[in-house]
Amino acid sequence: MDERWQRPRGTQDVLPAEAERMERLRRLVAQVAELYGYGAIETPVFEQTAVFVDGVGGATDIVQHERYSFVDAGGVALTLRPEGTAAIARAYVENGLSAWPKPVRLYYWAPMFRRERPQKGRYRQHQQYGFELYGSPEPTADAEVLLVARRLLQAVGLSPHVLVNSIGCDQCRPRYREALVAYLDSHGAALCGDCRRRLADNPLRVLDCKQDQAVARGAPDIAAFWCDACRSHQEAVVALAAEAGIPVERDPALVRGIDYYSRTVFEVHDPSLGAQSTVLGGGRYDGLTVRVGGAPVPAVGFAGGAERLLMAAGAALGAPRVPSAYVAQVGVGHQGWQAAERLRGAGIPTEVDLMARSLKAQMKEAGRRASVVVLAGGREWEDGLVTVKRLSDGREAAVALANLAGTVREWLNGVEAEHAEPK
RNA sequence: GUGGAUGUAGCUCAGUUGGUUAGAGCGCCAGGUUGUGGCCCUGGAGGCCGGGGGUUCAAGUCCCCUCAUUCACCCCA
């Protein structure tokens, strides 16, 4: 195959069966959003580059190595959205949502772009859904988004196990950072190359390095450095979640690679996803609106990857076949083509032969994609009749054209009932 | 960005120590007579063997490069 016509690396063509599952997930996200009072928000696929550099953080991998950036013909620096939260914070500020009655609940479903090395569950373009809760500093807000996440995961058959941590606030995090760097410096020789680099720009990340487990285990725990406010916040979030029946576990090594987080961070993993096991992740980001030019507003939220959730969901969200009709043309003519449109007019999903195939071939086709076949044309048509046949049991009857839709609907309902019967 | 594995028909895969016209199953199309699917039988279409270069009398088989997929690192959804 000529490589010019291959899709770009890390992108996907989603064919009807999978697109149907994706659409079901999308509707499910919308239902959950509605249940908790979250309103849909849409923002542009690209933003001015500064929104992400300042919002997400200039030292993060997302902006340093993974950006799809370009300068347009007018000389404006633009970037394809790599994640949702920063762009929504920009929209929150720009549209004056800070004047809305608090809290403001928003959700989105949108494609994201990151130039990473693709592997299972990691794509250069992928769909993310996300929930953002603005205006409340209370632990109940953190806990509410956990409830939303749990509801969503349970709906696709997963039982979430939530890892949480608090990375502190502007008051207490610097003290911890200092202590951590001091500790790591003293073990500098034992650190891997990646971690030496991290030491400078994001020392907290050394904690979840896979190679330096020993060093990381001996590191000071941030819990010992939390200020009173951060401590009681974290404890309240964990208690509220546990009270709601959500299995939560504190992971002292959990730190997320985006700069805007404060206090609460959390992740949900699923072992079926392999190395890219994060099915959803989020936390609190009280300082984000300031980063994108607004007044401070407390906020919490999370985002998840649709492709990953679909993978983890396995057979759930599979598309049961909608019972439909197929009209076969008997002999020459367009009677079948006309009868089909009559059925569709009555709201019955109907296909008809467009290949001028033999009746036998049409029947075979019908067997593949429909539950009821209508034979139109020939001698019966002269008498105003068509034959209706149900494929599951071979039941067959000649009916007047005027009664066609009614009969087909009735027989299709019979099919549905059969499928619904537990065996 | 780093390392390993893998690219043969639409799909899943065979292809001997390099050797003539590259195979199977499934799927697809047609037929097994006249207006009836599934099962069965027969036939058919469909492959620059991912792409490029090299070694050789001869390359799907060996070597190099490249593209893609995949697993892991990294990072994250």
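Below, all heavy atoms of this structure are taken into account, side chains as well, without hydrogens, waters or symmetry copies. Order of the sequence lines fixes the chain letters, A, B, ..., with proteins taken first and strands second; residue numbering starts at 1 for each chain.
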> Which whole-number value in Å describes the distance from A/Gln64 CD to B/rC74 C1'?
Replying inline: 13 Å
> How long is the span from the CD atom in A/Gln362 to the CD atom in A/Glu351, to the nearest 0.5 Å?
Replying inline: 12.0 Å
>> Tell me the interatomic distance from A/Gln125, atom CD, to B/rA77, atom P, rounded to whole angstroms.
In response: 17 Å
> Has A/His126 got its ring stacked on B/rA77, by the test of a centre gap below 5.5 Å and a plane angle below 30°?
Replying inline: yes
>> Any strand counts, and the cut-off is 3.5 Å on both contacts for Watson-Crick or G-U wobble. Which nucleotide pairs with B/rU6?
In response: B/rA68
Protein and nucleotides 41-44 of chain B: nitrogen or oxygen contacts under 3.5 angstrom:
none

>> So for A/Arg122 and B/rC74, does any side-chain atom that can act as donor or acceptor lie under 3.5 Å from a complementary atom in the base?
In response: yes
>> Assess, by modelled atom type and distance only, whether the side chains of A/Gln335 and A/Gln329 contain a donor and an acceptor separated by less than 3.5 Å.
In response: yes
>> In whole Å, measure the gap between the P atoms of B/rU16 and B/rG53 for me.
In response: 24 Å
> Among residues 249-275 of chain A, which contact RNA chain B at a heavy-atom distance under 4.0 Å?
Replying inline: A/Arg256, A/Gly257, A/Ile258, A/Gly274, A/Ala275
I'd like a list of close polar pairs between nucleotides 66-70 of chain B and the protein, N/O only, cut-off under 3.5 Å.
{"from": "B/rC67", "atom 1": "O2'", "to": "A/Gln6", "atom 2": "NE2", "distance (Å)": "3.2"}
{"from": "B/rU69", "atom 1": "OP1", "to": "A/Gly10", "atom 2": "N", "distance (Å)": "3.2"}
{"from": "B/rU69", "atom 1": "OP2", "to": "A/Arg9", "atom 2": "NE", "distance (Å)": "3.0"}

> Considering only the C1' atoms, how many Å lie between B/rU66 and B/rC28, rounded to the nearest integer?
Replying inline: 34 Å
> Say you pick atom P in B/rA77 and the same atom in B/rC39; how far apart are they, in whole Å?
Replying inline: 47 Å
> Among all residues two or more places apart in sequence or in another chain, which pass the ring pair (Phe, Tyr, Trp, His ring centres under 6.0 Å) test with A/Tyr107?
Replying inline: A/Phe131
> Expressed in whole Å, how much space separates the C1' atoms belonging to B/rU20 and B/rG7?
Replying inline: 26 Å
> With sugar-phosphate meaning primed atoms plus P, OP1 and OP2, does A/Gly121 contact a base, only sugar-phosphate, or nothing at under 4.0 Å between heavy atoms?
Replying inline: base
>> Please give the distance between the C1' atoms of B/rU42 and B/rG10 as a whole number of Å.
In response: 23 Å
>> What contact category does A/Val279 fall into here, base, sugar-phosphate, or nothing, at under 4.0 angstrom with non-hydrogen atoms?
In response: sugar-phosphate
> Taking atom P in both B/rG52 and B/rC29, what distance in whole Å separates the two?
Replying inline: 33 Å
> Any donor and acceptor pair, going by atom type alone, linking the side chain of A/Arg173 with main-chain N or O of A/Gly168 inside 3.5 Å?
Replying inline: yes
> If only side-chain N and O atoms of A/Arg114 are considered, is one of them under 4.0 Å from the OP1 or OP2 phosphate oxygen of B/rC76?
Replying inline: no
> What pairs with A/Phe225 under ring pair (Phe, Tyr, Trp, His ring centres under 6.0 Å), at least two apart in sequence or on another chain?
Replying inline: A/Tyr176
> In B/S/- notation, 5' to 3', how is nucleotides 26-37 of chain B contacted by protein heavy atoms closer than 4.0 Å?
Replying inline: --SSSSB--BBB
